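What follows is a set of notes on a single structure, which appears directly below.
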Protein chains: 2
Amino acid sequence: MTTSTGGRLLTPGEVASLFRVDPKTVTRWATAGRIGSIRTPGGHRRFREAEVNQLLAELTTDAERP
Amino acid sequence: MTTSTGGRLLTPGEVASLFRVDPKTVTRWATAGRIGSIRTPGGHRRFREAEVNQLLAELTTDAERP
DNA sequence: TTCCATTCGGGTAATTGGGGGA
DNA sequence: GATGTCCCAATTACCCGAATGG
């Protein structure tokens, strides 16, 4: 069962601060499937810290993907 | 067998940590009927771990692709 | 019994979601 | 093609005092 990573979750505002973008942009990333997200029963999104950090690392590494 | 779902019970604070929300928010979910809850004789709420985990799984959008 | 963190209630700010357009 | 900003409705977060749990 690898469904629950058990890692900490971040709010859209926290992720937006890390990337220095608007929270709406983070929402678009989630909608486009670029980043996994968990929804509360009320519809608000939460993001996995580990996944966010990995995405941040890829950006700062200037990694290129085909 | 048993009609009692003998799963572990979680406190509002524990459920709140799993979803990264305020314990009061979990209380609203219970009031709105979005999640089943048990009340102690004193009025405090308890939640079934199995139901919480299933809810987490349903609301999780995994985008992990190695 | 006392002690202390947690969870009741309510009420009021702050975020978030979704659509649309610059 | 991807972001930021404006609108409004819904959801969530923080405030308090009082009660419960272990």
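In this text, all values refer to a predicted model and were calculated from it rather than measured experimentally. Below, chain A is the first sequence line, B the second, and so on; all start at residue 1.
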Evaluate the side-chain proximity of A:Pro41 to B:Ile35: yes if any heavy-atom separation is below 4.5 Å, no if none is.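 A side-chain contact is absent here, since even the closest heavy-atom pair is not under 4.5 Å.
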Non-hydrogen side-chain atoms of B:Phe47 and B:Ile38 separated by less than 4.5 Å: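 No. Closest side-chain heavy atoms not under 4.5 Å.
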Does A:Arg45 make a side-chain N or O approach to OP1 or OP2 of C:dT16 shorter than 4.0 Å?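 The answer is no; no side-chain N or O of A:Arg45 sits under 4.0 Å from OP1 or OP2.
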Report the residues that fulfil side chain to side chain contact (heavy atoms under 4.5 Å, CB included) with B:Glu49, sequence neighbours left out, ordered by chain and then residue number. B:Arg8, B:Leu10, B:Asn53
Do nucleotides 10-22 of chain D as a string where each nucleotide becomes B, S or -: B if the base has a protein heavy atom under 4.0 Å, S if just the sugar-phosphate does, - if no protein is that close. -BBBBB----BS-
Donor-acceptor pairs are to be reported for all side-chain atoms of residues 19-29 of chain A against protein atoms at under 3.5 Å, with residues two or more places apart or in another chain.
residue: A:Asp22; atom: OD1; partner: A:Lys24; partner atom: N; Å: 3.0
residue: A:Thr27; atom: OG1; partner: A:Pro23; partner atom: O; Å: 3.3

Please report the closest heavy-atom contact between A:Arg45 and A:Pro12, naming both atoms and the distance. O-CD, 3.2 Å
What integer distance in Å separates A:Ile38:CD1 from C:dG17:P?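 These atoms are roughly 14 Å apart.
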Round to the nearest Å and state the distance from B:Phe47 atom CZ to C:dC8 atom C1'.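 One finds 12 Å between C1' of C:dC8 and CZ of B:Phe47, rounded.
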Any pair counted as side chain to side chain donor-acceptor pair (under 3.5 Å), so long as it reaches residues 31-43 of chain B, sequence neighbours left out: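 Those involving residues 31-43 of chain B do not exist here.
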Hey, could you give me the CG/CD distance between B:Leu59 and B:Gln54, rounded to the nearest 0.5 Å? 10.0 Å
Under 3.5 Å, is there a donor-acceptor pair between the side chain of A:Glu14 and the main chain of A:Thr11?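 Such a contact is found between A:Glu14 side chain and A:Thr11 backbone.
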Terminal axes of the helix from C:dC3-D:dG22 to C:dG19-D:dC6 (five pairs each): angle between them, nearest 10 degrees: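 Result, rounded to 10 degrees: 60°.
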Which base sits across from C:dA22 as a Watson-Crick or G-U pair, both distances under 3.5 Å?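 Because both required distances fall under 3.5 Å, C:dA22 counts as paired with D:dT3.
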